[in-house]
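Counting starts at 1 for both ligands and their atoms, following the listed order.
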Amino acid sequence: MRILIALFFLFFTTSSFAVIFDGNFIQGSFILGKTDPGSEVFIDKKKIRVTTDGYFVFGLGRDRKNDITITINEKKIIKKVFKREYEIQRIDGLEEKKVTPPEEVYERIKRENKWIGEARAIDSDLTFFKNKFAIPVENAIITGVYGSQRILNGKPKWPHYGLDFAADEGTKIKAMLDGTVTLAESDLFYTGGTLIFDHGHGVSTLYMHMEKLLVKKGQKVKQGDIIGTVGSTGRATGAHLDVRLNWFDIRLDPKTVLDIN
Ligand SMILES: [Zn+2]
């Protein structure tokens, strides 16, 4: 009798199964899912949080080539991930020590990368990621996009994972989404004045090269709050804001959540 009940339950749940995805299955994309409350969700082999009202989130890496498997209550959905083409961006005239850092700063860089990694690894039950993101600086020109292969002073480097908004030094920066500050550092080697926010379920945003930071670690911030000002701190060629979007350690395209073309 017990087996019969178990079988019936399994059949019933899989047959009444429903899911909606908001986002495109292309490299760099942020994807919001909604399913039945109380569902168990896996992305590939990773079990992820589901809100009490059935929302979950995940992202697709810049170079992801494989299909993605979303398993909801043991039912598998396999989606193809479409490829993108990325720009090649050459920047010359950078201070040589910032392109190839001298050995004496290796420890510093390692330590700072560890802090950033720890902030990105946070898996909180905040649910702000469900809401719509807002533009961080008004009337700014986009001067750098996600995914570009960077060639600095002639040397191929890591791809650029952010979205750059050129703006005057001192321009106010607004929080793109409600969240909690998980890192607030005024002078990181590469990224200068840097803020990281947690928005829940592994979703984080970063703001880099800032002149002033107007919030502190642990502070809760509302969308649209002024969090600091545009600067050119760290490795930057001029005043601009570089924003980033992550799902845990996977770097996503901020453009997939912002209303810009
Ligand atoms: Zn940038």
* Asked: Considering only N, O or S atoms, which atom of Asp164 is nearest to the Zn ion (ligand 1)?
  -> OD1
* Atom nearest to the Zn ion (ligand 1) - Asp242, N, O or S atoms considered -> OD2
* Among side-chain atoms of Gln27 and Arg64, is any donor-acceptor pair under 3.5 angstrom? -> no
* Asked: Within 45 degrees of the axis of the six-membered ring of Phe82 and under 6.0 Å from its centre: does Lys80 put its NZ or CZ there?
  -> yes
* Asked: Relative to each other, are the rings of Phe30 and Phe133 parallel, tilted or perpendicular (30° and 60° limits)?
  -> perpendicular
* **Candidates Glu169, Met210, Lys212 - the one meeting side-chain contact (heavy atoms from CB on, under 4.5 Å) with Thr229** => Lys212
* Asked: For the Zn ion (ligand 1), does an N/O/S atom of His160 lie at less than 2.8 Å?
  -> yes
